[in-house]
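Have a look at the structure below before the remarks.
Source: prediction; values computed, not measured. Chain letters run A, B, ... following the sequence lines, proteins first and then strands; every chain starts at 1.
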Protein chains: 2
Amino acid sequence: MTSKVRSIDVANLAKVSRTTVSQVLNGVADARIGEETRQKVLAAARMLNYTPNEVGRSLVRGSTKTVALVLRDISLIEVDLFLQPLLSGIMKSARQAGYGLRVEGARGSLGGDPYGDLVASGMIDGMIVENPDAGDQSLARLVNTGWPVVQLGSQGLPFENTVQTDNQLAGRVATEHLLQLGRRRVAHVSYSTSEIRAVVERKAGYFDALKNAKIPPEMELVKNGDFESSSGYAAMVELMSAPGGPPDAVFAGSDAIGYGVIAAALDAGLRVPKDVAVIGVDDLRTSAYFRPSLSTVRIHPSLAGSAAMGLLIELMRGREPQSRCIYIASELIARGSTLEGFDNTPRVLSSANS
Amino acid sequence: MTSKVRSIDVANLAKVSRTTVSQVLNGVADARIGEETRQKVLAAARMLNYTPNEVGRSLVRGSTKTVALVLRDISLIEVDLFLQPLLSGIMKSARQAGYGLRVEGARGSLGGDPYGDLVASGMIDGMIVENPDAGDQSLARLVNTGWPVVQLGSQGLPFENTVQTDNQLAGRVATEHLLQLGRRRVAHVSYSTSEIRAVVERKAGYFDALKNAKIPPEMELVKNGDFESSSGYAAMVELMSAPGGPPDAVFAGSDAIGYGVIAAALDAGLRVPKDVAVIGVDDLRTSAYFRPSLSTVRIHPSLAGSAAMGLLIELMRGREPQSRCIYIASELIARGSTLEGFDNTPRVLSSANS
DNA sequence: TCAAGGTGCTAACACGTGTTATCAATTTAT
DNA sequence: ATAAATTGATAACACGTGTTAGCACCTTGA
């Protein structure tokens with residue numbers, strides 16, 4: 001119980017060789033083993049409560065049955081609300097396929113080649129990289145080797161494997177929704193200033209929509225926030241005293257930004273959506289319970305997670321995947337922050353019991 | 001670059017033995033090695049871009065420098081909003097101390113002894129268990145062996161190491177806050193029906209407060225929800241048609257529940273906090289941006305995570321920790337959902353730049 | 001000159017496992 | 001009756017690393 005049980009202990013108890021133990025317990029197909037000794041081994045293993053040491057196993061097999069989720073910046077774990085459903089999707093698929101999960105951070109590694117070192121360490125069989133920095137040389141080198149890597153969000157490399165939503169489309173759809181409501185002064189607040197592709201693409205979609213509607217963009221109506229709602233709040237405060245007057249609608253780059261924008265508008269006495277309509281991107285679980293409930297473009301991060309894991313498994317098995325670039329469809333969820341008189345009542349009321 | 005580099009390759013290039021390579025690269029203190037050969041080895045290692053294989057290393061060393069975060073139920077990852085800040089705290093402390101992190105699930109393991117098997121597999125040096133099921137035999141056995149385990153939330157075992165908040169106190173403080181506002185019909189909606197200790201303790205604190213105020217508890221005002229806001233919404237709908245009339249205050253067992261409760265109240269035309277005051281527990285990042293902003297008891301899950309990791313590190317090093325039971329102080333955060341005329345404006349406005 | 005002690009390095013073992021090549025015993029085919 | 005084939009089990013190797021014991025050489029002291 002307390003001391004470690006090794007396969008040699010099982011072998012000794014069953015009075016067979018360690019080889020036999022290994023073959024029985026792993027169910028080796030072409031192993032010639034008598035039924036009698038097979039039962040002896042199984043009995044001994046059960047009696048000693050034997051569980052194989054995965055480290056030894058990994059060493060000889062050259063594979064750890066473990067995958068890494070590499071986060072661009074672990075200090076963002078707390079604030080990036082997109083991560084939790086993502087992790088959920090990855091975990092579910094990974095477990096189902098018998099893979100374990102490590103959480104790693106890309107930045108802050110000592111060496112200059114964090115991705116290469118992670119692979120060389122032999123701890124993982126594959127990795128999922130969340131929102132890679134565009135132009136990351138370490139990652140680019142690794143992707144070129146063909147080693148199993150799936151990126152959440154493109155880096156623009158020729159041989160990359162990605163799972164992504166069409167962020168430009170999402171940005172356009174969100175903005176078009178505001179325009180269809182008759183709004184003409186539509187502002188945008190992004191969720192990051194850094195070079196994250198999703199940020200840039202959503203913004204591009206915003207400009208696309210304006211262009212299609214033949215509305216000249218005003219740079220005073222475009223602000224950059226960060227991962228926290230507070231930045232959305234601050235941006236909205238600035239927008240309300242914009243040169244041409246306050247906007248009549250805001251496309252928030254994320255739901256978290258949307259929360260801040262709405263809060264600022266309400267605090268200033270504006271009515272949402274009557275005076276200002278607001279839409280976000282994400283559809284966090286909490287968004288339906290804001291009042292007004294937050295309109296948004298749902299991007300299914302949980303689904304993206306399981307799709308990424310599915311693709312990665314194909315790659316690790318050495319198969320050519322059906323597609324190296326999976327798009328997750330997004331959908332417009334119109335709620336009270338854009339639709340006047342929206343009925344907030346949840347459609348399905350899970351019954352609570354006393 | 002593409003093929004694996006082993007320490008023997010470094011040895012060959014530097015024309016020394018593998019032993020020397022190991023000693024140089026690990027900076028063994030009492031190894032007697034000439035400065036000249038030391039430089040040769042370092043140069044060779046750098047030239048080949050050598051990174052030690054952690055699996056081989058782990059095997060011989062008997063330790064993986066990896067810790068597991070064991071989640072009670074991985075299907076709750078998506079809905080339990082407490083997990084993200086917790087993970088953040090754990091990750092930060094773990095990285096700082098040079099430990100990696102695996103995410104595991106307690107349920108759904110094939111064997112009947114998931115915790116024991118995880119240890120026997122040799123993949124981890126210690127584990128943090130989140131909200132263990134009370135009376136889990138597998139975990140109880142492991143804790144008794146003295147193996148490094150830190151629980152987030154007590155299981156009531158004699159030798160357990162825990163990090164927890166005083167949930168009963170939190171429940172009492174929250175309820176007392178409502179009572180001090182003059183409310184007399186105070187309802188409670190818990191965030192789970194299962195036997196999670198935190199749920200039971202917060203509820204006990206609620207009853208404590210009522211008792212101290214000499215208010216007879218009404219069981220019609222006590223509902224059980226789950227991790228999702230929808231259950232809070234449903235519970236509030238029921239409460240509004242309670243026998244003795246709707247409550248004038250609700251103590252929600254979690255912020256997520258609080259969101260649902262407030263939404264239901266507003267949708268029914270009630271004013272918050274004038275007609276119904278609502279307070280939660282957690283202080284999620286989004287809570288300050290609800291309108292009305294959610295009063296709550298902040299329990300610092302991020303801090304709990306890093307404290308748990310700190311304690312675990314002490315245990316793994318074989319030291320006797322200063323305390324085997326760390327309490328994280330909670331604090332009442334009164335906001336607009338309980339205080340009329342509360343100024344919602346965030347105190348620190350992080351400036352957004354265009 | 002010879003023992004004693006220090007310096008620089010390495011052969012050999014250990015960690016726990018999966019797998020291949022091989023051997024002995026038994027059965028089948030000729 | 002003998003060769004050939006099959007069955008049942010294992011010795012030996014491999015995976016990549018850290019560490020101990022020990023060897024050869026050189027310096028020091030008397």
Exercise. Nearest 0.5 Å please: distance from the CD1 atom of Ile77(B) over to the OG atom of Ser302(A).
Key: 10.0 Å
Quiz item: Side chains of Glu160(B) and Gln155(B): donor-acceptor distance under 3.5 Å anywhere?
Solution: no
Quiz item: Between dA9(D) atom C1' and Lys40(A) atom NZ, what is the distance in whole Å?
Solution: 10 Å
Exercise. Indicate, with a heavy-atom threshold strictly under 4.0 Å, whether Arg32(B) touches base, sugar-phosphate, or nothing.
Key: base
Exercise. Answer yes or no: are there more than 12 heavy-atom neighbours, outside Gln39(B) itself, under 6.0 Å from its atom CD?
Key: yes
Quiz item: Within the structure shown, what part of the strands sits under 4.0 Å from Ser7(B) by heavy-atom distance: base, sugar-phosphate, or nothing?
Solution: sugar-phosphate
Quiz prompt | Residue mapping more 5' on DNA chain C - nearest nucleotide basis, Thr19(A) or Gln23(B) | solution = Gln23(B)
Practice problem: Name the residue closer to the 5' end of DNA chain D, choosing between Thr37(A) and Val60(A) according to the nucleotide with the nearest heavy atom. | Solution: Thr37(A)
Quiz prompt | Non-hydrogen side-chain atoms of Lys92(B) and Ser306(B) separated by less than 4.5 Å | solution = no
Quiz prompt | No-hydrogen, no-angle side-chain donor-acceptor test under 3.5 Å, Ser22(B) and Thr19(B) | solution = no
Quiz item: Is Glu314(B) salt-bridged to Arg324(B), cutoff N-O under 4.0 Å?
Solution: no
Quiz prompt | Nucleic acid contacts - residues 11-18 of chain B versus DNA chain D, non-hydrogen atoms under 4.0 Å | solution = Arg18(B)
